[in-house]
Asker: 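Structure incoming, see below.
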Amino acid sequence: MGLSHAPIAAFRQGAIGALKLPAWIVGASLMGVGPLARDVGFPFLGAILSTVLVWAGPAQVVFFATLGAGASVPAIALAVTLTAIRLTPMTASLMPHLRAGGASRATLLAASHFVAVTTWVESMRRLPALPPEIRLPYFFGFGAACMAVATCFTAVGYALAGEVPASIGAGLLFMTPTFFTLSLLRGASIRADWLAIGAGFALTALFGIWLGPAAALFLAGLLGGTAAFMVERAQSEEQ
């Protein structure tokens with residue numbers, strides 16, 4: 001990739017990589033968070049801080065929806081926490097790539113805050129090709145650029161609340177899972193990748209009929225990913 005080994009240069013290249021497209025996808029998807037915050041009477045700076053501190057569109061939607069419904073603080077905290085659990089496997093799978101450069105635990109904890117759907121899928125595709133010593137600054141640059149753009153879009157959405165039709169806001173929120181799916185397809189390189197993606201689509205549709213979307217997504221990811229891993233492992237052992 002022609003990256004300099006200097007941390008500052010790697011940080012800059014990470015930011016540039018994000019600004020080429022991924023940061024704008026994340027930003028556009030979080031534009032719909034601003035109107036939600038304004039609808040429930042949340043202040044402008046609070047809406048911006050929700051993007052910086054929560055850094056997860058679905059969790060922010062849950063936060064403002066439960067806040068608007070008058071839920072208690074413990075109930076809101078629990079609901080937001082449950083939506084964030086989905087990021088735990090992503091963080092765990094990403095940390096070995098970042099730890100390879102000898103980063104401290106405190107630095108890795110700071111890096112984990114930038115883990116989101118888009119930053120994870122792009123980092124898993126980009127980081128393995130980089131020298132270990134520049135992966136962390138590259139990731140920080142990538143994540144910081146995504147967060148900066150998303151924060152600006154949240155502010156714009158807050159200012160335009162009432163001007164943007166609800167259907168457009170919903171469409172913007174849907175951009176992140178769409179980009180995530182396309183990135184997975186682009187990054188699929190072995191049979192297990194395609195098996196996991198195919199099983200995920202099939203099982204989500206199957207379980208969704210009986211269990212609803214939330215449980216369907218969880219089970220499809222767990223069972224589909226596990227099945228793909230076991231099939232690939234068995235075939236590798238046979239060879």
Side-chain angles (χ1 to χ4, degrees), residues 1-31 33-34 45-60 63 80-81 83-157 175-184 186-187 189:
M1 295 181 66
L3 289 175
S4 168
H5 286 200
I8 295 177
F11 181 94
R12 183 172 61 251
Q13 290 299 322
I16 292 173
L19 291 173
K20 287 182 178 178
L21 181 61
W24 304 106
I25 297 294
V26 178
S29 68
L30 289 183
M31 186 175 178
V33 170
L45 289 179
I48 292 175
L49 281 175
S50 74
T51 294
V52 175
L53 299 178
V54 179
W55 189 226
Q60 289 171 267
F63 173 76
V80 172
T81 300
T83 65
I85 289 177
R86 66 196 169 87
L87 298 175
T88 302
M90 296 183 185
T91 304
S93 63
L94 183 61
M95 284 302 110
H97 296 290
L98 300 178
R99 192 187 303 119
S104 66
R105 181 174 299 180
T107 303
L108 292 174
L109 285 174
S112 68
H113 179 65
F114 289 97
V115 177
V117 171
T118 301
T119 57
W120 175 80
V121 70
E122 285 298 300
S123 295
M124 292 297 289
R125 184 171 66 87
R126 298 165 184 245
L127 293 182
L130 300 180
E133 63 272 15
I134 67 169
R135 291 176 184 172
L136 196 59
Y138 183 93
F139 176 78
F140 272 120
F142 190 95
C146 287
M147 184 176 290
V149 172
T151 301
C152 292
F153 270 81
T154 301
V156 171
M175 289 183 68
T176 292
T178 301
F179 181 76
F180 173 71
T181 302
L182 294 176
S183 296
L184 283 178
R186 180 184 178 185
S189 58

Asker: Do Leu130 and Phe139 come within less than 4.5 Å of each other through their side chains, counting heavy atoms only?
Answerer: no
Asker: Might you point out which heavy atoms bring Phe114 and Trp55 nearest each other, and give the distance in Å?
Answerer: O-NE1, 3.1 Å
Asker: On a heavy-atom basis, which atom in Val54 and which in Ala59 lie closest, and how many Å separate them?
Answerer: CG1-CB, 3.6 Å
Asker: Under the side-chain contact (heavy atoms from CB on, under 4.5 Å) rule, collect the residues that match up with Ala145, sequence neighbours excluded.
Answerer: Ala15, Ala18, Leu19
Asker: Taking all heavy atoms of Thr118 and all of Pro22, pick out the closest pair and write down the distance.
Answerer: CG2-CB, 3.9 Å
Asker: Could you give the distance from CZ (Arg99) to CZ (Arg135), rounded to the nearest 0.5 Å?
Answerer: 12.0 Å
Asker: Distance from Met147 atom CE to Leu53 atom CG, nearest 0.5 Å?
Answerer: 8.5 Å
Asker: Side chains of Met90 and Leu87: does their closest heavy-atom pair fall under 4.5 Å?
Answerer: yes
Asker: Are Met95 and Leu98 close enough that some pair of their side-chain heavy atoms sits under 4.5 Å apart?
Answerer: yes
Asker: Any donor-acceptor pair under 3.5 Å linking the side chain of Ser123 with the backbone of Trp120?
Answerer: no
Asker: Provide the closest heavy-atom pair for Thr154 versus Leu30 in the form atom of the first, atom of the second, distance.
Answerer: OG1-O, 3.6 Å
Asker: Measuring from atom CH2 of Trp24 to atom SG of Cys146, what distance do you get when rounded to the nearest 0.5 angstrom?
Answerer: 10.5 Å
Asker: Count the heavy atoms of every other residue, nucleotide or ligand shown that sit under 6.0 Å from CD1 of Ile8, and state whether that count exceeds 12.
Answerer: no
Asker: Mind running side chain to side chain contact (heavy atoms under 4.5 Å, CB included) on Thr119 and Val26 for me, showing each step along the way?
Answerer: CA-CA 9 Å; Thr119 57; Val26 178; 5.9 Å; no
Asker: Considering all heavy atoms of both residues, which atom of Thr151 and which atom of Thr51 are nearest to each other, and what is their separation?
Answerer: OG1-CG2, 3.8 Å
Asker: Nearest heavy-atom pair of Tyr138 and Arg126: which atoms, and what distance?
Answerer: OH-NH1, 3.0 Å
Asker: Measuring from Met124:CE to Glu122:CD, what's the distance to the nearest 0.5 Å?
Answerer: 12.0 Å
